[in-house]
Amino acid sequence: MPLRAGLTTATVTRAAVELLDSEGADALTLARVAEKLGVRIPSLYNHVSGLDGLRRELALYAVEQLNAVLTAAAIGKAGDDAVYALANAYRAFVRAHPALYPFSQRIPNDDPALQAAASGPVDVVVAVLAGYGLRADDALHAVRGFRSALHGFTALEAMGGFGLPLDLDESFRRLIQSQIAGLRAQAHGAQSG
């Protein structure tokens, strides 16, 4: 059976991303993606392995996009400026793609391609944290803490979890400020120990 001209794994994935961005996670079905592309559902199976396969492609896409955003933010910056740039880029990515973002967090251990792609954002953050003198395990612990802080704030913001009438930008700035203070303290402890 000939494949529809122009229909590729990438076009199917982009259609799913557009659907997520415009209508949210609940809209993600093979039927909706097929409708968006003007094809029948069986045509999608030539490019993705069902809904699970599409979710895997979305995870790969999300991680690659997050890596590109973080890399662009970090270029030419160091120290505190780089940390603020990474944090703001991360937050902007989640704001722009609240339904896609969770896919960047689903990285199974048994998928080497996803594992390799997921190392990109980690590598960017490790490179930035190297400016604080953090290396090896210390750097990875710091990455986990930084990622957890960013994920927690942005996920809560995306789902409307901050109901008090208080400036969210200022709350975010203070969160990053506290992360930087922690990085400095860890760096001082690593140099003293």
Side-chain angles (χ1 to χ4, degrees), residues 17 20 25 55-162 164 166-193:
V17 170
L20 287 170
R55 287 182 179 131
R56 183 218 179 256
E57 293 302 323
L58 287 167
L60 189 57
Y61 179 87
V63 168
E64 289 169 347
Q65 293 304 304
L66 182 59
N67 184 49
V69 164
L70 295 179
T71 299
I75 290 174
K77 296 177 185 68
D80 297 357
D81 289 341
V83 172
Y84 276 111
L86 285 179
N88 288 324
Y90 193 101
R91 185 179 182 205
F93 179 82
V94 177
R95 283 177 158 182
H97 306 286
L100 175 64
Y101 167 71
F103 287 93
S104 71
Q105 306 302 303
R106 300 176 185 161
I107 311 300
N109 290 330
D110 63 348
D111 190 325
L114 266 174
Q115 286 290 317
S119 70
V122 173
D123 292 344
V124 172
V125 179
V126 167
V128 166
L129 298 186
Y132 292 91
L134 298 172
R135 305 275 190 277
D137 287 352
D138 289 334
L140 293 177
H141 288 303
V143 168
R144 284 179 174 172
F146 186 62
R147 176 183 174 207
S148 297
L150 292 177
H151 174 73
F153 190 98
T154 59
L156 283 168
E157 183 178 31
M159 62 189 215
F162 295 121
L164 297 176
L166 190 63
D167 185 0
L168 279 178
D169 293 337
E170 178 62 15
S171 295
F172 190 71
R173 188 192 67 75
R174 290 182 184 203
L175 173 69
I176 303 313
Q177 191 175 34
S178 71
Q179 288 294 303
I180 289 171
L183 291 168
R184 288 179 181 164
Q186 288 178 42
H188 180 72
Q191 293 168 355
S192 303

Query - Residue of the set Tyr84, Tyr90, Phe153 for which ring pair (Phe, Tyr, Trp, His ring centres under 6.0 Å) holds with Phe172 - result: Phe153
Query raised in the report: In this structure, are over 12 heavy atoms from other groups packed under 6.0 Å from Arg144 atom CZ?
Result: no
So do [Y] and [X] actually touch side chain to side chain, heavy atoms under 4.5 Å?
{"X": "Asn109", "Y": "Gln115", "value": "yes"}
{"X": "Arg91", "Y": "Leu168", "value": "yes"}
{"X": "Leu150", "Y": "Ile176", "value": "yes"}
{"X": "Tyr101", "Y": "His151", "value": "yes"}
{"X": "Arg56", "Y": "Leu114", "value": "yes"}
{"X": "Arg147", "Y": "Val125", "value": "no"}

Could you pull out all donor-acceptor pairs under 3.5 Å where a side-chain atom in residues 67-74 meets a protein atom, sequence neighbours excluded?
residue	atom	partner	partner atom	Å
Thr71	OG1	Asn67	O	2.8

Report task. Ignoring hydrogens and angles, tell me if any N or O in the side chain of Tyr132 forms a donor-acceptor pair with the backbone of Ala185 under 3.5 Å. Result ->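 Not a single qualifying donor-acceptor pair exists.
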Query - Flag, side chain of Arg135 to backbone of Ala130, donor-acceptor distance under 3.5 Å - result: yes
Query raised in the report: Partners of Phe93 by ring-ring contact (aromatic ring centres under 6.0 Å, His included), sequence neighbours excluded?
Result: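 Counting only residues at least two positions away or on another chain, Phe93 forms a ring-ring contact (aromatic ring centres under 6.0 Å, His included) with His97.
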**Report entry** Ile180 side, atom CD1; Asp80 side, atom CG - distance, nearest 0.5 Å
**Finding:**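 These two atoms lie 4.0 Å from each other.
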Requested in this report: Inspect the contact between Arg95 and Asp169 and indicate whether a charged nitrogen and a carboxylate oxygen are less than 4.0 angstrom apart.
Outcome: yes
